[in-house]
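To find a chain, count down the sequence lines: A is the first, B the second, and so on, and within it residues start at 1.
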Number of protein chains: 2
Amino acid sequence: MQMTERVAPAVEDAPEAPWHPVTRSRSHELVLDQIEEQILAGTLRVGDRLPGERDLAGHLQVSRSAVREAIRGLEAQGVVRSGVGSGKDAGTIVSAMPSEALTRLLRLHVALSNFPLPDVVDARVMLERSSAALAADHAGEDDLDAMRAALDGMDSAGIGAERFNDLDTAFHVAIAEASGNRLVADMTIALRDSMRRPILHALEALGPDWEGVADQLRKDHRAIFAAIESGDGALAADRVDQHIRSAHAVLPFATHG
Amino acid sequence: MQMTERVAPAVEDAPEAPWHPVTRSRSHELVLDQIEEQILAGTLRVGDRLPGERDLAGHLQVSRSAVREAIRGLEAQGVVRSGVGSGKDAGTIVSAMPSEALTRLLRLHVALSNFPLPDVVDARVMLERSSAALAADHAGEDDLDAMRAALDGMDSAGIGAERFNDLDTAFHVAIAEASGNRLVADMTIALRDSMRRPILHALEALGPDWEGVADQLRKDHRAIFAAIESGDGALAADRVDQHIRSAHAVLPFATHG
DNA sequence: GACCATCCTGTGGTCTGACCACACATGTGG
DNA sequence: CCACATGTGTGGTCAGACCACAGGATGGTC
């Protein structure tokens, strides 16, 4: 069967954003819609296995390619995972990898400058303030250890900018993980990770001066850690706020153009 | 050419999250990686056109299917848009639709309960507090009109739960849009939208009592709007906070299982 | 010269049918 | 009872074909 139809959409105009699509006809999108609908309706849950690609294609009356392309879309959103072979990990299974998907998505859009840098900074401040405040209340010994490891690593003599930046990221991630709020943590991580590369480039652009900046960052981190360790959420939030804003003020970000 | 190799990953253990992938071998993922790399490196910018699928397949020495599946992945992340024909909109073009992609992603993961509901509520409160506070400062007449339209719509006699819920969403979206921060707005919208369906079901589950709840929501909304209109950011934030928390306390959410 | 119908070309969208690598289940020989 | 071959079903990959579409190039007509 060979088809390429056009469907007439029945759109109910919301007060915002009138118009909407018109192109909702590509068969792989229709397949995607059906699967998503089952997820939204609760028919498909985490751990459930989708029918085989060939079966699905047969039931939906589309080619296997269309089904596969739809699955790729879901995969990119961290909603399913596919495995070959048979048994346990085989087949296409609904699963939960929101963190990775969110990170990939934000990283790309930040790189494309779809979000102005000041907006990103403000968002980071907002998120990491919350993360730090929550972490001050919820952080367990494991969480604190992870932070200490990152801090100690950053103190290593002769550490390079790249390694330093990775550990810096790890420190912020550790705080987010300690917040106890999965969603806030994932958004925090995704945003910080999306800044990883830009920050590295900025550090490298500093040349020999980067050590001075690094020293300030080390001091900031230690101060933040102290506030979290002592359970002072408000103080931790303020220090994270100040840390992020001052860092972005000092770092020379390329305008990418 | 028929290939299915396994590559040995050279992973640098970060302090957090050891291990990592192992499966990075599927050809469409390799294609995806290459395109993403070009985006992250700044080689591909918004508006740029990718080579034709056939060309790309040739240069990368993979089948056209592999290329297409990679593109589907990018499409799901709102990073590219494909159009047939020739000229202007034809071809696969790097573009920016972060809002839609973010919304789809969060909606799915919220539906899958990958994020605990209390976490979602806290995140919403955090985001919408910021949005409301910013909106109080930045809202223009257009923004205020959009809010008024939603509010007036919700006052319509005999309005159904579904229409009410849509307008409720529109009100919150209008506030987010007025914040002036694209990223915060998109995250706010995505989260509120992901709650749209659950909230609707909760409203319907209330039966005839839903009118009483709706009345309270109307009062909340008017109070929030007044604070924003008068430019009192702190007050707006507090009222949004209270509004969201009380609403979630009253609404009977299905535990979905 | 202005105009319009026609063909050509290149794009993504779809379909078909085939083979590969893999992991498990089952059977079979020792 | 174990060790090995075989069968079966999964996703992964590929090649080649055709479709619908939109614009450009062509060539005719008035």
Side-chain angles (χ1 to χ4, degrees), chain A residues 1-8 21-35 47-76 79-95, chain B residues 1-8 21-35 47-76 79-95:
Chain A
M1 175 199 339
Q2 207 96 319
M3 70 161 148
T4 306
E5 327 161 0
R6 294 287 168 261
V7 293
V22 153
T23 320
R24 201 49 102 178
S25 71
R26 304 184 296 181
S27 77
H28 68 261
E29 283 189 356
L30 300 177
V31 176
L32 192 55
D33 287 347
Q34 286 209 31
I35 300 177
D48 290 352
R49 166 181 280 102
L50 267 61
E53 295 178 353
R54 297 168 178 83
D55 281 1
L56 207 44
H59 287 106
L60 299 180
Q61 292 277 286
V62 296
S63 71
R64 196 181 156 203
S65 326
V67 171
R68 283 181 61 76
E69 291 186 18
I71 290 176
R72 289 292 87 78
L74 293 171
E75 205 171 59
V79 167
V80 303
R81 158 178 48 93
S82 293
V84 294
S86 72
K88 198 164 101 32
D89 280 334
T92 300
I93 302 172
V94 178
S95 59
Chain B
M1 175 197 346
Q2 208 95 319
M3 69 163 149
T4 305
E5 327 161 359
R6 293 286 169 264
V7 294
V22 152
T23 320
R24 203 47 106 179
S25 70
R26 304 184 295 181
S27 76
H28 67 263
E29 283 190 355
L30 299 176
V31 176
L32 192 54
D33 286 345
Q34 285 209 32
I35 299 177
D48 290 353
R49 167 180 280 102
L50 266 60
E53 296 178 353
R54 297 167 178 84
D55 279 1
L56 207 43
H59 286 103
L60 299 180
Q61 293 277 287
V62 297
S63 71
R64 197 182 156 201
S65 324
V67 171
R68 284 182 60 77
E69 292 185 17
I71 290 176
R72 289 291 89 78
L74 292 171
E75 206 171 58
V79 166
V80 302
R81 158 178 49 92
S82 293
V84 295
S86 73
K88 196 163 117 0
D89 281 334
T92 300
I93 302 173
V94 178
S95 60

Below 4.0 angstrom from OP1 or OP2 of C/dG13, is there any side-chain N or O of B/Arg68? yes
With a 4.0 Å cutoff (strictly under), does any side-chain N or O of A/Arg72 reach OP1 or OP2 of D/dG12? yes
Calculate the interatomic distance between A/Lys88 atom NZ and C/dA25 atom C1'; express it in whole Å. 17 Å
Distance test, side-chain N/O of B/Ser27 to OP1/OP2 of D/dT13, below 4.0 Å: yes
Tell me which of A/Arg64 and B/Gly87 sits closer to the 5' end of DNA chain D, going by the nucleotide each one is nearest to. A/Arg64
Measure from the side-chain heavy atoms of B/Ser82 and tell me the nearest of C/dG13, D/dG12, D/dC14. C/dG13
Using a heavy-atom cut-off of under 4.0 Å over every strand shown, decide if A/Ser65 touches base, sugar-phosphate, or nothing. base
Taken to the nearest whole Å, CD/B/Gln61 to P/D/dG12 is 21 Å
Please state whether the phosphate of C/dT16, meaning OP1 or OP2, lies under 4.0 angstrom from any side-chain nitrogen or oxygen of A/Ser63. no
Atom CG of A/Leu50 to atom P of D/dG9: distance rounded to whole Å? 19 Å
Here the distance between atom P of C/dT14 and atom CD of B/Glu69, to the nearest Å, is 13 Å
How far does CZ of B/Arg72 sit from CD of A/Glu29, to the nearest 0.5 angstrom? 7.5 Å
How long is the line joining NE2 of A/His28 and P of C/dC15, in whole Å? 11 Å
Using only side-chain N and O atoms of A/Ser86, determine if any of them is under 4.0 Å from OP1 or OP2 of C/dC22. no
Could you tell me how far apart A/Leu60 (CG) and C/dT14 (C1') are, to the nearest whole angstrom? 15 Å
For the residue pair A/Arg81 and A/Asp89, establish whether any side-chain heavy-atom pair is separated by less than 4.5 Å. yes
Of A/Asp89 and B/Ala90, whose closest DNA chain C nucleotide lies nearer the 5' terminus? B/Ala90
Donor-acceptor pair, A/Arg49 side chain versus A/Ala90 backbone, under 3.5 Å? yes
Contact between B/Thr92 and B/Glu75 at the side-chain level, heavy atoms closer than 4.5 Å - yes or no? no
Nucleotide C/dC15, atom C1' - distance to CG of A/Leu56 in whole Å: 16 Å
Rounding to an integer number of Å, can you tell me how far B/Arg54 CZ sits from C/dT11 C1'? 7 Å
For A/Arg81, which contact category applies under a 4.0 Å heavy-atom criterion: base, sugar-phosphate, or nothing? nothing
Minimum side-chain heavy-atom gap A/Ser65-B/Arg68 below 4.5 Å: no
